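The structure under discussion appears below in the form of structure tokens.
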Amino acid sequence: MNIPYRPLTLTLVGLAFSAIVLQRVEAGGDDYFPPVIDPVVKEECGSCHLAFAPSMLPARSWKRMMADLKNHFGDDASVDAATAARISAYLTTNAADTGGKRYSSKLLRGIAPNSAPLRITELPRWVDKHREVPNWEWKHKDVRSKANCVACHTGAEQGFYEDD
Amino acid sequence: MSSKLAFPLGVAAMLLSTSPFAGPREDLLAQYATAARAEAPAFSGFSSARGEAFHTRKFSGGKPDSPACTSCHGDSPRSAGRTLTGKSIDPVAVSAAPRRYTDPAKVEKWFKRNCNEVLGRACTAQEKGDWLSFMISQ
């Protein structure tokens with residue numbers, strides 16, 4: 001029997017390639033964290049700093065944060081009860097260990113299951129990824145703080161945090 | 001009252017309750033004026049010049065990082081400011097940011113937070129009205 005090896009091989013290679021690409025798209029890549037789309041969350045969490053993606057912290061961290069907005073990294077960020085409930089629901093539903101899981105598996109590496117970190121910039125994975133950034137760059141007048149993702153990751157507001 | 005009449009009467013009531021030129025900012029100023037009169041019977045109106053002085057003044061009761069409004073909002077109300085974390089803030093002057101101060105709840109929210117950060121206390125109605133008048137004039 002005359003087997004058409006050439007077209008078969010090409011088809012297989014094509015399929016394998018698509019599968020890899022599809023898997024990456026499905027996983028969102030390592031550098032994609034879907035941005036906040038809820039308008040209330042965006043407004044309340046995005047006025048003083050970038051509205052950080054909920055998939056950057058586990059649900060237990062968001063719960064801990066929302067429980068003490070009066071002392072929010074030194075600022076009083078308290079909101080009324082209805083707004084707080086809406087924000088909490090959004091954050092915990094899309095957190096790194098709930099709805100946002102497929103974007104953040106690597107980001108949660110090294111975090112003890114019983115700890116609820118509040119600073120994204122103190123997650124082991126974050127620290128490792130930024131180890132080559134020199135101190136003077138953090139202090140640059142256009143950067144100011146590690147919370148200012150957009151200063152270097154120009155696509156951060158759209159959810160893209162690839163190497164710059 | 002018949003339900004047929006309710007709608008046109010409601011519309012008429014709304015039209016009559018505010019003057020034709022009053023927008024949300026004017027309503028807000030009127031509210032601050034009422035409050036200022038209650039705080040001090042000698043109240044004689046708002047002044048954008050006083051508002052400007054307030055905007056640039058350095059206070060010592062609040063946080064050391066933010067002694068003045070201008071610490072974050074920048075020296076010119078028509079230019080963008082920047083938060084301590086580095087995020088850009090839209091200009092505060094109405095001419096540069098026409099949608100500002102049209103949501104009273106939002107205005108109050110930020111007066112509450114920012115007065116506390118800068119002055120270490122709540123702002124008086126007089127201070128709010130003066131500041132708002134300055135921003136409207138800019």
Side-chain angles (χ1 to χ4, degrees), chain A residues 35-36 39-53 56 65 69-84 86-87 118-122 126 130 133 135-158 164, chain B residues 24 28 59-77 79-94 96-123 127-128 131-132 135:
Chain A
V36 169
V40 172
V41 180
K42 213 171 163 177
E43 164 84 20
E44 297 297 339
C45 308
S47 299
C48 303
H49 53 68
L50 170 75
F52 300 113
M56 288 184 167
M65 196 175 302
L69 282 183
K70 214 154 169 49
N71 300 294
H72 187 67
F73 304 101
D75 282 336
D76 179 358
S78 46
V79 292
D80 63 76
T83 309
R86 177 166 173 168
I87 297 171
L118 295 179
R119 286 182 194 272
I120 295 163
T121 55
E122 283 173 4
W126 190 98
H130 296 80
V133 180
N135 229 351
W136 66 264
E137 259 188 85
W138 294 121
K139 294 203 170 94
H140 189 277
K141 65 173 176 54
D142 292 333
V143 180
R144 286 192 172 199
S145 84
K146 288 180 181 172
N148 191 9
C149 312
V150 199
C152 303
H153 302 286
T154 49
E157 305 228 28
Q158 289 76 44
D164 168 76
Chain B
L28 196 55
F59 296 88
S60 53
K63 291 195 177 152
D65 284 345
S66 54
C69 304
T70 50
S71 308
C72 292
H73 290 296
D75 289 333
S76 164
S79 307
R82 186 170 286 204
T83 66
L84 294 174
T85 57
K87 191 179 164 78
S88 174
I89 311 174
D90 286 344
V92 276
V94 170
R99 284 168 62 208
R100 273 202 185 268
Y101 321 120
T102 53
D103 175 358
K106 192 172 171 181
V107 175
E108 272 299 294
K109 178 180 106 177
W110 287 106
F111 269 137
K112 181 173 173 254
R113 282 187 187 171
N114 294 349
C115 291
N116 208 29
E117 308 257 298
V118 174
L119 293 86
R121 62 162 171 85
C123 290
E127 287 166 338
K128 290 177 188 175
W131 189 88
L132 195 56
M135 291 314 159

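Just so you know, these numbers use all the heavy atoms, side chains as well, and skip hydrogens, waters and symmetry mates. Lettering follows sequence order; numbering is per chain, from 1. As the structure is a prediction and not an experimental result, all values here were calculated from the model.
Of the listed residues B/Ile89, B/Asn116, B/Leu84, the one with more heavy-atom pairs under 4.5 angstrom with chain A than any other is B/Leu84. For the set A/Gly46, A/Cys48, A/Ala147, A/Ser78, the entry with the most heavy-atom pairs within less than 4.5 Å of chain B is A/Cys48.
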Subject >> salt bridge (Lys or Arg N to Asp or Glu O under 4.0 Å) assessment of A/Asp75 paired with B/Arg113 >> reply: CA-CA 9 Å; A/Asp75 282 336; B/Arg113 282 187 187 171; over 6 Å; no

**OP:** Step by step, work out the side-chain contact (heavy atoms from CB on, under 4.5 Å) result for B/Lys109 and A/Glu44.
**Re:** CA-CA 11 Å; B/Lys109 178 180 106 177; A/Glu44 297 297 339; 2.7 Å; yes

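Expressed to the nearest 0.5 Å, how far NZ of A/Lys141 lies from CZ of B/Arg82 amounts to 7.5 Å.
Residue A/Asp80: no heavy atom, backbone or side chain, is found under 4.5 Å from chain B. Heavy atoms of A/Lys146 lying under 4.5 Å from chain B are absent altogether. Looking at A/Val143, only its backbone comes within 4.5 Å of chain B, counting heavy atoms on both sides.
Crowding of A/Lys42 atom NZ: a count of heavy atoms from other residues, nucleotides or ligands under 6.0 Å not exceeding 12.
The two residues B/Thr85 and A/Asn148 make their nearest non-hydrogen contact at O-CB, 3.1 Å. Among all heavy-atom pairs drawn from A/Ser47 and B/Thr83, the shortest one is O-CG2, 4.1 Å.
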